[in-house]
2 protein chains.
Amino acid sequence: MNESEQLLEFLGKNGPDFTQPLPEIRIGFDRMTSALTPPEDYAPEQAVLGGVPVVVAGIPAGRDGGRVLFYLHGGGFLLGSAAGFSGLACRIAGTIEARAVIGDYSRSPEAKFRDARKQALAAYRALLENGVSPQAIVVAGDSAGGGLSLSLLGAIRDAGLPMPAAAVLISPWLDLTLSGGSMDSKAEVDVLLTRAGLADMASAYLQGHDANDPAASPLLGDFAGFPPLQIHVGTNEVLLDDSLRGATRAAHCDVLVELKVWPGMIHDFPLFAQLLTQGRDVITAAGTFLGRFAN
Amino acid sequence: MNESEQLLEFLGKNGPDFTQPLPEIRIGFDRMTSALTPPEDYAPEQAVLGGVPVVVAGIPAGRDGGRVLFYLHGGGFLLGSAAGFSGLACRIAGTIEARAVIGDYSRSPEAKFRDARKQALAAYRALLENGVSPQAIVVAGDSAGGGLSLSLLGAIRDAGLPMPAAAVLISPWLDLTLSGGSMDSKAEVDVLLTRAGLADMASAYLQGHDANDPAASPLLGDFAGFPPLQIHVGTNEVLLDDSLRGATRAAHCDVLVELKVWPGMIHDFPLFAQLLTQGRDVITAAGTFLGRFAN
């Protein structure tokens, strides 16, 4: 059995049962994402930062010269938790010996539109107020959390705050209007996401708000002044075009951008780095990239 | 004076005088590109490979386990020579301890359309016939030579020959129809290329042939079966969109692709690596990428 087959078997056994009520789906989703464990020296703990619940792990923040990875997790704004994604976040943080700070932002449908973005900005602002240099902060996120990371960069700029040193986006969901050509061209090879599923999640998140608002679909916003971006995406994703168009938009806005396209990989594949060589390669590549820019 | 200012001064002093006749422009262009010198252990020599003139340098080819970098130079199909680009080619070859084999393909307007592509394929075929393993061969090229490199990959596939291990394209010219939006949006910041200049070069190369033929504009072709591609481009280029669309097309064809966008950099900036930190960074990054795939 090759790695991709092992992954499909893992997903079959450990993926959430989407026929159940939302609380059960969330528990199942957390179980699945938690299969990727943090490095040994990262022990996740609950905390509050700028009034926002977070999970922190690793080297204490605020230490002289200490780096911070601020992480925003995936799950379509509906599923996923800071604790459940601490494995992926801490593994990336570990590559640059950073403290991991993982936002436990409010999820749909309980949260109001903009809540997650406001909370991400409040936590980032608190990091700065706690004396962490912006050049020591890096941002990362996957899927919906990748979109939220890019949205956070716009919020940071619009608030007049200093930018973090760099950001890594993994299979980011950047366009809630679902206008990418890969929504259809990759429908048959994407084993995790569908147009209908994404439309439901967008609807729960937007609550009637216009998906064309850059606060909802950061692909449609201005990337001017953004820090260096690294974007990873698999070719077996209906969200492939979100990454391709994101990289293109960044380039047109004179942003340093590095796009890595991984053939045959599924949506958010680094979340399964315990099974996939390419998942581990993404974590290594993220560390190399972030280490070039973070002080 | 910062590096970009030093580069502009260098170009002002060493760039060819385009008001002169073509032979003089070619001499001036060679003088400019030759300012980047090969590593010490690379001594370029004229040779013939598969009936095609080439310049070779570095570790002898055919040595057990020896790698070969097959390089195709820029110059709009009109200017540039294998000897003149031996500095850039050999510096990239040096990063993976490869022999450099630089195609001295026939230039416009003397050559017929397709001559350069046929010669590139003939030289590649000769490498294979000389016993070099395709997995030990990597291809690289800049500007028009970047487009010719991509075109060569299509020719290799269509000829039923085995693919090289990987390819690196530097500011590649992939679309001779000049349909990229950056042809206009970057016109003011591109100090080297203009739509009119590119149209003249395309015309001399095409000699009435349709620019929409993928043999002329490899962006419009099928990338299926292509080896891993790394693409570098500056944001101050009218050809920016050639790279962005090239990476997008590669991703849609399930090709492993790594795109690196360098803010503020001009067309073909690694050609001026003696002056630019980012130029040297591209050479290092090319080596890291090629080394991952070349046996």
Side-chain angles (χ1 to χ4, degrees), chain A residues 4 166 169 171 180-186 188-190 223-266 269 277-278 281-282 284-286 288-289 292-293, chain B residues 4 166 169 171 180-186 188-190 223-266 269 277-278 281-282 284-286 288-289 292-293:
Chain A
S4 288
L169 313 179
S171 296
S182 55
M183 290 304 303
D184 298 316
S185 66
K186 295 295 182 179
E188 284 191 20
V189 291
D190 191 323
F223 293 16
F226 281 13
L229 303 177
Q230 187 183 54
I231 306 175
H232 296 275
V233 68
T235 58
N236 286 3
E237 302 201 32
V238 291
L239 293 180
L240 172 60
D241 279 15
D242 285 44
S243 286
L244 303 178
R245 291 177 299 161
T248 294
R249 185 112 183 91
H252 286 160
C253 292
D254 293 315
V255 172
L256 188 158
V257 60
E258 188 173 298
L259 169 72
K260 284 177 183 263
V261 177
W262 301 81
M265 289 293 109
I266 65 168
F269 62 96
T277 304
Q278 290 93 332
D281 288 346
V282 166
T284 303
T288 303
F289 185 79
R292 274 168 60 197
F293 301 104
Chain B
S4 288
L169 313 178
S171 295
S182 55
M183 288 305 305
D184 297 317
S185 65
K186 296 294 183 181
E188 284 191 19
V189 291
D190 191 322
F223 292 17
F226 281 13
L229 301 177
Q230 187 184 53
I231 306 176
H232 297 274
V233 67
T235 60
N236 287 2
E237 302 201 32
V238 292
L239 292 181
L240 172 60
D241 279 15
D242 285 44
S243 286
L244 302 178
R245 292 179 298 162
T248 294
R249 184 111 183 92
H252 285 160
C253 292
D254 292 316
V255 171
L256 190 157
V257 60
E258 188 173 299
L259 169 72
K260 285 178 182 262
V261 178
W262 300 82
M265 289 294 109
I266 65 169
F269 62 97
T277 304
Q278 289 93 333
D281 288 347
V282 166
T284 303
T288 303
F289 184 79
R292 275 168 62 199
F293 301 104

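Every chain is numbered from 1, with letters handed out A, B, ... down the list of sequences. This one's a predicted model, so the numbers in the text were calculated from it and none came from an experiment.
Residue B/Arg249 does not touch chain A at all, counting heavy-atom pairs closer than 4.5 Å. Neither the backbone nor the side chain of B/Val233 comes within contact range of chain A; no heavy atoms are under 4.5 Å apart.
Every residue two or more places apart in sequence or in another chain that forms a side-chain contact (heavy atoms from CB on, under 4.5 Å) with B/Ser182 is listed here: B/Ser185, B/Lys186, B/Leu240, B/Asp241.
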Enumerate donor-acceptor pairs with a distance under 3.5 Å from any side-chain N or O in residues 259-266 of chain A to protein atoms, sequence neighbours excluded.
| residue | atom | partner | partner atom | Å |
| --- | --- | --- | --- | --- |
| A/Lys260 | NZ | B/Glu258 | OE1 | 2.7 |
| A/Trp262 | NE1 | A/His232 | ND1 | 3.2 |

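To the nearest 0.5 Å, atom CG of residue A/Leu256 and atom CD of residue B/Gln278 are 9.0 Å apart.
Ranking B/Leu229, B/Asp254, B/Ile231 against chain A, the residue ahead of the rest is B/Asp254, based on heavy-atom pairs under 4.5 Å.
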